[in-house]
Amino acid sequence: MKKNNVSSKTPDSSKVLIVNALIQVQKAPVSTSKTYISNAKNVASSLKNSAGNAMAKLGDFANSADGKALMAKYGNLFQRVWQQIVEFFQGIF
């Protein structure tokens, strides 16, 4: 997030929720399986590449005049949607 200039635009409470969700995934019993670990590494690598590109574009947009205007108008909505996504994943674990 810091690398792509979106860390300052992400509330600390959301960062904590993301970290907690990832910790729960790590603690899952299936996470010790060699096949799972191999598949997870492959998926993580693919996601890292895709997410890195998307985060860079998001960072550029967030720093643009249009992005700042959108956040001023709908920022609270985005935070609520993100919170619901995080809560959904927490409910799975």
Side-chain angles (χ1 to χ4, degrees):
M1 290 168 46
K2 187 182 286 186
K3 180 180 174 184
N4 292 298
N5 298 320
V6 294
S7 182
S8 64
K9 299 186 181 8
T10 304
D12 288 341
S13 59
S14 294
K15 292 176 190 175
V16 170
L17 292 172
I18 292 167
V19 169
N20 288 339
L22 292 173
I23 289 170
Q24 293 302 316
V25 169
Q26 185 180 24
K27 289 181 180 178
V30 72
S31 66
T32 59
S33 158
K34 288 183 182 182
T35 303
Y36 172 82
I37 292 170
S38 176
N39 287 340
K41 285 181 181 180
N42 291 338
V43 169
S45 177
S46 176
L47 286 174
K48 180 181 175 185
N49 293 336
S50 296
N53 293 337
M55 293 297 275
K57 290 177 184 176
L58 179 60
D60 291 343
F61 177 73
N63 290 322
S64 72
D66 288 339
K68 289 177 182 177
L70 185 65
M71 286 304 290
K73 187 171 183 179
Y74 296 108
N76 190 25
L77 172 66
F78 294 135
Q79 288 175 343
R80 288 184 305 191
V81 169
W82 179 251
Q83 182 65 33
Q84 289 176 349
I85 292 168
V86 170
E87 288 173 2
F88 170 79
F89 282 107
Q90 284 180 327
I92 292 174
F93 303 107

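Bear in mind the structure is a predicted one, so any value in this text is a computation, not a measurement.
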Listed partners of Lys68 passing side chain to side chain contact (heavy atoms under 4.5 Å, CB included), at least two apart: none

Joint cluster assignment, Val81 & Phe88, ILVMFWY side-chain distance < 4.5 Å: yes

Asp12 CG to Leu17 CG distance, which is reported to the nearest 0.5 Å: 11.0 Å

